[in-house]
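Below is the structure I would like to discuss, written out as structure tokens.
All values below come from the heavy atoms of this structure, side chains included, with hydrogens, waters and symmetry mates left out. Please read all numbers here as calculations on a predicted model, not as lab measurements.
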Amino acid sequence: MEIKSENACFGGVQGVYTHTSDVCDTEMTFGLFMPQEAKSGPVPLLWYLSGLTCTHENAMIKAGAQAWAAEQGIGLAFPDTSPRGPNVANDDAYDLGQGAGFYVNATQDPWAPHFKMWDYVADELPQLLGREFAINLDRQSITGHSMGGHGALTLAMGRPDQYCSVSAFSPICNPMKSDWGRKQLASYLGNDSSAWETHDASFQMLEKGFNGPVLVDTGTQDEFLDLLKPETLAFSMAKRRQEGHLRLQPGYDHSYFFVSTFIEDHISFHAEALNAD
């Protein structure tokens, strides 16, 4: 692991690091905020998964999350959204390839050799952080925005024993029925739609749900509402009688102005679960 930068931030440290990923077979970059409590012992960790076209930097710089994480004494991990590099497959479209990993383990060429974001986020990067930093891996929660909200919800339901709570901002809720999903899932996983089910939050919510609290915020003026399909997740949560809140926030769009407005709510929500006995 190489330190790219470390800056004092709200009494803690905001760092950026690179390492060679075995599962993605390329160099990966991530951001990590550690509160001052980490000087005394391991702290809980909240994962933030970013959306299409983003890197580790977007939420790290724009969300304003560190102030609230410092107040609650929890770490924040900001992974990249895909593998990158000259030998990593890419596409001319913004919504496929580098910057658009969709948090799946690709099985199809040319994506399969590097696009293993599910294993990277769920297994490899947590193990690295547990070795290198004062983090309590028994106390993890996860959130994300847009494509990252999709990733947060599906990872939480796919790994229910790993995360204490899950939240999302403007998640892609039903990718099997959306233009933000069908193209990518077919490209990464093949045309058999049964292979897509693990990566559809509305389907997984109906089938499995999540054994813990759920919080989802979407703006009523989100320009991508028809692609996000929040109504499908609301239906699944209601039918399953899932513990949680799905909130439509009046007047808000898809931007980081929206995320930064409600990030305190989400961090407080996760802190309650992470610090529960």
Side-chain angles (χ1 to χ4, degrees), residues 2 4-5 16-32 47-63 65 76-122 124-125 128 142-155 168-173 175-176 178-190 196 199-201 222-224 227-228 253-260:
E2 180 180 347
K4 304 301 289 186
S5 64
V16 176
Y17 309 91
T18 61
H19 72 109
T20 299
S21 166
D22 290 333
V23 297
C24 295
D25 194 25
T26 190
E27 185 177 84
M28 299 290 287
T29 302
F30 65 91
L32 180 67
W47 294 89
Y48 185 104
L49 307 185
S50 290
L52 286 167
T53 75
C54 293
T55 70
H56 67 282
E57 279 195 324
N58 294 72
M60 186 180 82
I61 293 172
K62 296 179 179 180
L76 289 172
F78 304 99
D80 203 346
T81 54
S82 78
R84 299 180 191 270
N87 297 319
V88 176
N90 201 10
D91 191 272
D92 290 337
Y94 76 95
D95 58 355
L96 188 67
Q98 296 186 36
F102 264 75
Y103 304 100
V104 305
N105 288 337
T107 59
Q108 306 298 303
D109 290 332
W111 315 107
H114 300 285
F115 282 72
K116 305 291 186 184
M117 290 303 293
W118 178 284
D119 283 351
Y120 178 70
V121 171
E124 186 180 37
L125 189 53
L128 174 66
I142 192 165
T143 188
H145 175 231
S146 194
M147 179 185 73
H150 138 83
L153 290 166
T154 55
L155 278 159
F169 299 88
S170 309
I172 303 170
C173 296
M176 291 198 297
S178 171
D179 288 342
W180 270 359
R182 286 192 297 258
K183 167 187 174 180
Q184 294 83 1
L185 295 176
S187 297
Y188 294 139
L189 302 175
W196 306 356
H199 304 288
D200 188 294
D222 193 307
E223 57 270 41
F224 304 114
L227 295 167
L228 302 176
D253 58 18
H254 200 73
S255 71
Y256 266 91
F257 297 112
F258 162 63
V259 174
S260 62

Original post:
Which residue pairs satisfy the salt bridge (Lys or Arg N to Asp or Glu O under 4.0 Å) criterion with at least one member in residues 76-102, sequence neighbours excluded?
Top reply: D80-R84, D95-K183
**OP:** Check whether any side-chain heavy atom of V104 sits under 4.5 Å from a side-chain heavy atom of Q184, and report yes or no.
**Re:**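 Sidechains of Q184 and V104: no contact.
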**OP:** Evaluate the criterion side-chain contact (heavy atoms from CB on, under 4.5 Å) for residue pair C24 and M117; output intermediate values, then yes/no.
**Re:** CA-CA 7 Å; C24 295; M117 290 303 293; 4.3 Å; yes
Original post:
Sequence neighbours excluded, which residues qualify as side chain to side chain contact (heavy atoms under 4.5 Å, CB included) partners of D22?
Top reply: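 Checked D22 against side chain to side chain contact (heavy atoms under 4.5 Å, CB included); matches are E124.
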Original post:
How close do P110 and A89 get, heavy atom to heavy atom, and via which atoms?
Top reply: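 Smallest heavy-atom distance, with atoms named: O-CB, 3.5 Å.
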Subject >> Gap between atom CG of L96 and atom OH of Y188 - 0.5 Å precision >> reply: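 CG of L96 is found 4.0 Å from OH of Y188.
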Subject >> Evaluation steps, side-chain contact (heavy atoms from CB on, under 4.5 Å), between W47 and L155 >> reply: CA-CA 11 Å; W47 294 89; L155 278 159; over 6 Å; no
Original post:
Taking the six-membered ring for Trp, is the centroid-to-centroid distance between F224 and H145 below 6.0 Å?
Top reply: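 No; H145 has its ring centre 6.0 Å or more from that of F224.
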Original post:
Of the non-hydrogen atoms in Y103 and W118, which two are nearest, and what is the gap between them?
Top reply: O-CE3, 3.5 Å
Original post:
Looking at OG1 of T81 and CE of M147, how far apart are the two atoms once the value is rounded to the nearest 0.5 Å?
Top reply: 4.5 Å
**OP:** State, to 0.1 Å, how close S146 and G51 come at their nearest heavy-atom pair, and which atoms those are.
**Re:** CB-CA, 4.4 Å
Subject >> Minimum heavy-atom distance between G101 and S82, given as atom pair plus value >> reply: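 Smallest interatomic distance, heavy atoms only, reads N-CB, 3.8 Å.
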Original post:
Between the side chain of S170 and the main-chain N/O of H254, is any donor-acceptor distance below 3.5 Å?
Top reply: no
Original post:
Out of curiosity, T53 OG1 to N58 CG, how far, rounded to the nearest 0.5 Å?
Top reply: 6.5 Å
**OP:** Could you tell me whether the side chain of V16 reaches within less than 4.5 Å of the side chain of E57, counting heavy atoms only?
**Re:**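 With C-beta onward as the side chain, the pair stays apart.
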Original post:
Hey, what do you get for SG (C54) to OH (Y48), rounding to the nearest 0.5 Å?
Top reply: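 Going from SG on C54 over to OH on Y48, the span is 7.5 Å.
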Subject >> Passing option when F30 is tested against Y17, Y120, F78 for ring-ring contact (aromatic ring centres under 6.0 Å, His included) >> reply: Y17
Original post:
If you measure from CE on M176 to CZ on R182, what distance do you get to the nearest 0.5 Å?
Top reply: 11.0 Å
**OP:** Can you see which heavy atom on V88 is nearest to which on P83, and at what distance?
**Re:**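 V88 and P83 have their closest heavy atoms at CG1-O, 3.9 Å.
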Subject >> side-chain contact (heavy atoms from CB on, under 4.5 Å) evaluation trace for L49 with I142 >> reply: CA-CA 8 Å; L49 307 185; I142 192 165; 3.8 Å; yes
Subject >> Close side-chain approach of P175 to H150, heavy-atom, < 4.5 Å >> reply: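 Yes, close enough: below the 4.5 Å cut-off.
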**OP:** Could you tell me the separation between the CG atom of L125 and the OG atom of S21, rounded to the nearest 0.5 Å?
**Re:**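 Interatomic distance, L125 CG to S21 OG, rounded to 0.5 Å: 8.5 Å.
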**OP:** Enumerate the residue pairs fulfilling salt bridge (Lys or Arg N to Asp or Glu O under 4.0 Å) with a member in residues 100-119, sequence neighbours excluded, ordered by first and then second residue.
**Re:**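 Output for this query is empty, none listed.
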Subject >> Considering all heavy atoms, the nearest L52-Y94 contact >> reply: CD1-CE1, 4.0 Å
